[in-house]
There are 2 protein chains.
Amino acid sequence: MKQEMNENILFDVAELFKCFADSTRIRILYSLISKERNVNEIADLLNMNQSAISHQLRILKDAKLIKKRRDGKTIYYSLDDDHVYNIIAQGIEHVEE
Amino acid sequence: MKQEMNENILFDVAELFKCFADSTRIRILYSLISKERNVNEIADLLNMNQSAISHQLRILKDAKLIKKRRDGKTIYYSLDDDHVYNIIAQGIEHVEE
DNA sequence: AATACATATGAACAAATGTTCATATATTCA
DNA sequence: TGAATATATGAACATTTGTTCATATGTATT
């Protein structure tokens with residue numbers, strides 16, 4: 001990590017971490033570590049309504065943290081990036097100390 | 001990372017990431033990677049007023065991401081944890097792709 | 001003790017954010 | 001084509017959040 005850092009990059013990093021900074025979104029991401037899931041499955045798992053989950057999935061998708069795949073009526077979401085797992089793992093390590 | 005995850009832990013992880021999810025705070029943390037700094041130094045560096053920085057330092061302190069050391073009138077802040085560096089580094093890696 | 005310097009804090013305000021509700025879009029199947 | 005299922009979206013609302021302003025606290029120096 002170089003000494004002089006572009007302000008814009010740190011701004012983007014903050015934007016990225018916003019995705020991990022909400023318990024709904026982080027539970028969604030965590031649930032996708034083991035396997036891909038569709039929207040209603042996630043909603044059931046988190047015991048939240050489908051609309052709330054859809055809104056959050058869009059945020060995660062825009063941030064390129066997850067990707068989608070359609071199979072008939074169903075849309076499956078999965079993690080899109082290795083960093084996602086690593087960042088969550090670091091976070092868990094920190095809070096578990 | 002184990003399969004069944006305590007909901008509370010993920011909640012705490014989200015709380016942790018909130019610290020990294022604001023550009024003021026992440027610029028503060030980034031500025032502390034190279035060396036400890038006092039409050040006014042940080043305020044000058046980020047071109048923000050002293051009060052705003054103090055408020056954010058308190059949040060970072062409460063989250064145990066930074067620690068303080070008094071030397072006379074001056075209080076020096078520094079990073080309190082290895083994970084801080086690692087989490088920021090992962091974040092930068094992701095956005096730089 | 002009085003002044004100056006460094007930092008912290010509380011209240012107020014504006015801006016950003018997450019959820020809900022109602023409804024729209026897309027796909028499948030009878 | 002029409003009904004059923006799965007997902008997406010926009011508006012509204014309440015809550016949270018970050019900054020500013022004024023002021024308080026703590027320390028050193030004269």
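By convention in this document, chain letters (A, B, ...) are assigned in the order of the sequence lines, proteins followed by strands, and residues within each chain are numbered from 1. What you see is a predicted model, and the numbers here were worked out from it, not measured in a lab.
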Exercise for the section: By nearest nucleotide on DNA chain C, pick out whichever of B/Thr74 and A/Ala21 is the more 5' one. Expected result: B/Thr74
Practice task
Would you mind telling me which residue lines up with the more 5' stretch of DNA chain C, B/Lys68 or A/Met48, judged by nearest nucleotide?
Solution key: B/Lys68
Side-chain N or O of [X] versus OP1/OP2 of [N]: is the shortest distance under 4.0 Å?
| X | N | value |
| --- | --- | --- |
| B/Arg25 | D/dG18 | yes |
| B/Gln50 | C/dC5 | no |
| B/Tyr77 | C/dA6 | no |
| A/Lys73 | D/dT7 | no |
| B/Asn40 | C/dT7 | yes |
| A/Arg70 | C/dA26 | no |
| B/Gln56 | D/dT19 | yes |
| B/Thr24 | D/dT19 | yes |

Fill in the blank from the handout: B/Asn38 atom CG is separated from C/dT7 atom P, nearest whole Å, by 5 Å
Exercise for the section: Starting from C1' on C/dT28, measure out to CG on A/Asp71 and report it in whole angstrom. Expected result: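 In whole Å, C/dT28 C1' and A/Asp71 CG are 12 Å from each other.
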Handout entry: ring centroid sep under 5.5 Å plus plane angle under 30, B/His55 with C/dT9
Key =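 So B/His55 counts as stacking on the base.
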Completion exercise
The answer to which of B/Ile59 and B/Gly72 contacts DNA chain D further toward the 5' end, by nearest nucleotide, is B/Ile59
Practice task
Determine yes or no for a side-chain-to-main-chain donor-acceptor pair under 3.5 angstrom, with A/Arg37 supplying the side chain and A/Ile42 the backbone.
Solution key: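 No; judged by distance alone, with no hydrogens or angles, the pair does not exist.
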Exercise for the section: Verify, without hydrogens or angle tests, whether A/Arg58 (side chain) and A/Leu60 (backbone) share a donor-acceptor contact under 3.5 angstrom. Expected result: no
Handout entry: B/Lys35/B/Glu41 salt bridge by N-O under 4.0 Å criterion
Key =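 Counted as a salt bridge, because a side-chain N and a carboxylate O are separated by less than 4.0 Å.
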Handout entry: A/Phe17 and B/Phe20 aromatic ring geometry - parallel, tilted or perpendicular at 30°/60° bounds
Key = tilted
